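One structure is given below, encoded as structure tokens.
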2 protein chains.
Amino acid sequence: MERKTEQPRRRPRADYLRNRERLLTAAAEVFRTHGGQATLEGVAKAAGVGIGTLYRHFPTREALFEAVYRREIDQMVALAERLEGEADPVAALRQWVHASIRLIATKQGMLTALALAVDKSSEIYSYSYKSLTGAIARLLTRAKEAGRMREDVTPEDLLLTLIGMCLVRTGPEFEDDVTRLADLFLDGLTRG
Amino acid sequence: MERKTEQPRRRPRADYLRNRERLLTAAAEVFRTHGGQATLEGVAKAAGVGIGTLYRHFPTREALFEAVYRREIDQMVALAERLEGEADPVAALRQWVHASIRLIATKQGMLTALALAVDKSSEIYSYSYKSLTGAIARLLTRAKEAGRMREDVTPEDLLLTLIGMCLVRTGPEFEDDVTRLADLFLDGLTRG
DNA sequence: GAGTTATATGGAGGGTGCCTCCGCTTTCAA
DNA sequence: TTGAAAGCGGAGGCACCCTCCATATAACTC
């Protein structure tokens, strides 16, 4: 028998780490400016590496999206957890929605990129969907327990509506417009 | 001076009309099954014409979308006009929303196709947007005049939200899911 | 129904992006 | 210093985009 766990023979090569970092930085920038139509060759060029290198680091377009945006998803989840401490559960939910819209606004192209390119069966999709649904669920439950929220609203309802509203708007008015729409929706779900 | 209006010297050629019809039929089918990623070469093939013929009839991808879907937009507008006669203005609005979702459901791929491929400055976009906004405006005004609707809701709010909700769902559950979301939204806007 | 002309056809071809593959280079560590 | 594992880049094959034009054909004229 060999050893149970093969520990890596070598530490990662310096060029590997350097190129990976360059690719992520370049990709975030290129997606932000070009949206979902950004070409991967453009990302590689911006990062100053060959296209082959990009594909070895991120074998699919989705893998690249995932690496670029997982951080943002995690931020949204973390914020929801922090807001569980808020006294007013409806205010907490609304704050979370507003903050999420603001976050997405700074990453113009993120959502379009995800919606256009990401297969619903992919890992990044289910990871994001599950994390966010879970985060919303806790905020929602508190509001319901306080009797301040329609009982039949699910976390999915809220997440999907929020995403949909973000998808139909673009440009400089994004944050204001989407916030307005989301508030209309939230007003209708809440009491008090 | 020549004659003011040049009347066409000849009537349209039979093959022109035939091919145009074939292209529209094929395009509707291909978009329905493949969504916005459908290739135009695929459409030409399905129609049994050369790619060059497709491009002469519809010089851009958007021109083809426009020709295929203008009818559907017009249907939604016509329905809104018919519903202006309804006694209950809130019920009328809800009926319109439900019917629109049902219509879109049968054209799976329509919305994705439009959202992915259509530039916001294009003719089909502004035509659709204006027609639909106008149609909704009249339904909305009646509901407001009856004191049954938030005063600060605009037709754009409703249209964008509806489109957004349609964008985030796909598959066999489409109609039920989207109707549910839209009802949540409408409930929150209306009184009585 | 033959000739004339306007109109329409199809597909080759040049351009671009996708992704794979593999010979060469760099880094690590012995 | 040197062997080999790990990583690199870009050529190349494929698919699709769209244009262009030599060829084909429908409509009109007499």
Side-chain angles (χ1 to χ4, degrees), chain A residues 2-3 6-27 30-31 33-68 109 112-113 116-119 122, chain B residues 2-3 6-27 30-31 33-68 109 112-113 116-119 122:
Chain A
E2 309 160 32
R3 287 204 312 280
E6 298 286 348
Q7 52 218 22
R9 300 271 157 76
R10 301 174 160 208
R11 60 197 164 90
R13 281 173 52 156
D15 52 354
Y16 177 91
L17 296 173
R18 178 174 20 89
N19 284 334
R20 187 182 183 85
E21 203 46 49
R22 280 186 186 169
L23 280 166
L24 286 174
T25 309
V30 172
F31 291 156
T33 54
H34 292 76
Q37 310 82 45
T39 75
L40 296 190
E41 316 224 296
V43 171
K45 195 166 200 180
V49 306
I51 184 67
T53 300
L54 183 151
Y55 274 97
R56 197 161 346 81
H57 282 270
F58 308 104
T60 66
R61 178 175 276 260
E62 285 170 12
L64 182 54
F65 284 130
E66 166 166 358
V68 171
T112 347
L116 299 196
V118 168
D119 186 357
S122 70
Chain B
E2 308 160 34
R3 286 205 311 278
E6 297 286 347
Q7 51 217 18
R9 300 272 156 73
R10 301 171 160 211
R11 60 196 166 89
R13 283 173 51 155
D15 52 354
Y16 175 90
L17 296 172
R18 177 172 25 85
N19 284 333
R20 186 182 182 84
E21 203 47 50
R22 280 186 186 168
L23 279 166
L24 285 174
T25 309
V30 172
F31 291 155
T33 54
H34 292 75
Q37 310 81 45
T39 76
L40 296 189
E41 314 224 297
V43 171
K45 195 167 199 177
V49 306
I51 184 67
T53 299
L54 183 151
Y55 275 97
R56 197 163 343 83
H57 282 269
F58 307 104
T60 67
R61 178 175 277 259
E62 285 170 11
L64 183 54
F65 285 131
E66 168 167 356
V68 171
T112 347
L116 298 197
V118 168
D119 186 358
S122 70

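Chain identifiers are assigned alphabetically (A, B, ...) following the order of the sequence lines, protein sequences preceding nucleic acid strands; residue numbering begins at 1 within each chain. As the structure is a computational prediction, the values presented were derived from the model and not from experiment.
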Nearest heavy-atom contact between R20(A) and F58(A) is NH2-CE2, 3.7 Å
How far apart are the closest heavy atoms of R61(B) and T39(B), and which atoms are they? NH2-CA, 4.4 Å
Nucleotide by nucleotide, nucleotides 11-16 of chain D touches protein heavy atoms under 4.0 Å in the pattern (B base, S sugar-phosphate only, - none) B----S
From NZ of K45(A) across to C1' of dC8(D) the rounded distance in Å is 18 Å
Is there a side-chain polar atom (N or O) of N19(A) under 4.0 Å from OP1 or OP2 of dG7(D)? no
CG of L23(A) versus C1' of dC8(D): gap in Å, rounded? 12 Å
Using whole Å, report how far OH of Y16(A) lies from C1' of dG9(D). 17 Å
More 5' along DNA chain C: R20(B) or T60(A), using each one's nearest nucleotide? R20(B)
For L23(B) against A47(B), the heavy-atom pair lying closest together: CD2-CB, 3.8 Å
Hey, does the side chain of H57(A) come within less than 4.0 Å of dG7(D)'s phosphate (OP1/OP2), counting only N and O? no
Counting any heavy atom closer than 4.0 Å, what does Y55(B) reach on the DNA or RNA strands: base, sugar-phosphate only, or nothing? base
Which heavy atom in A26(B) sits nearest to a heavy atom in V43(B), and how many Å separate them? CB-O, 3.9 Å
Atom-to-atom span, NE2 of H34(A) to C1' of dG17(C) - whole angstrom: 14 Å
Mind calculating the distance between CG (D15(A)) and C1' (dA6(D)) to the nearest angstrom? 8 Å
Shortest non-hydrogen separation from I51(A) to A44(A) and the atoms involved: CA-CB, 4.0 Å
If I take atom OH from residue Y55(B) and atom CG from residue L64(B), how far apart are they, to the nearest 0.5 angstrom? 9.5 Å
Starting from P on dG9(D), measure out to CG on L54(A) and report it in whole angstrom. 11 Å
Listed by chain and number, what are the salt bridge (Lys or Arg N to Asp or Glu O under 4.0 Å) partners of R18(B), not counting sequence neighbours? none
Looking at the side chain of R10(B), which of dG10(C), dA27(D), dC8(D) is the nearest nucleotide? dA27(D)
Figure out the CZ/P separation between R13(B) and dA26(D), and round it to whole Å. 6 Å
May I ask you to evaluate whether T53(A) reaches the phosphate of dG7(D), defined as a side-chain N or O under 4.0 Å from OP1 or OP2? no
Atom-to-atom span, CZ of R18(B) to P of dT7(C) - whole angstrom: 18 Å
Among dA6(C), dC28(C), dT9(C), the one nearest any side-chain atom of R11(A) is dC28(C)
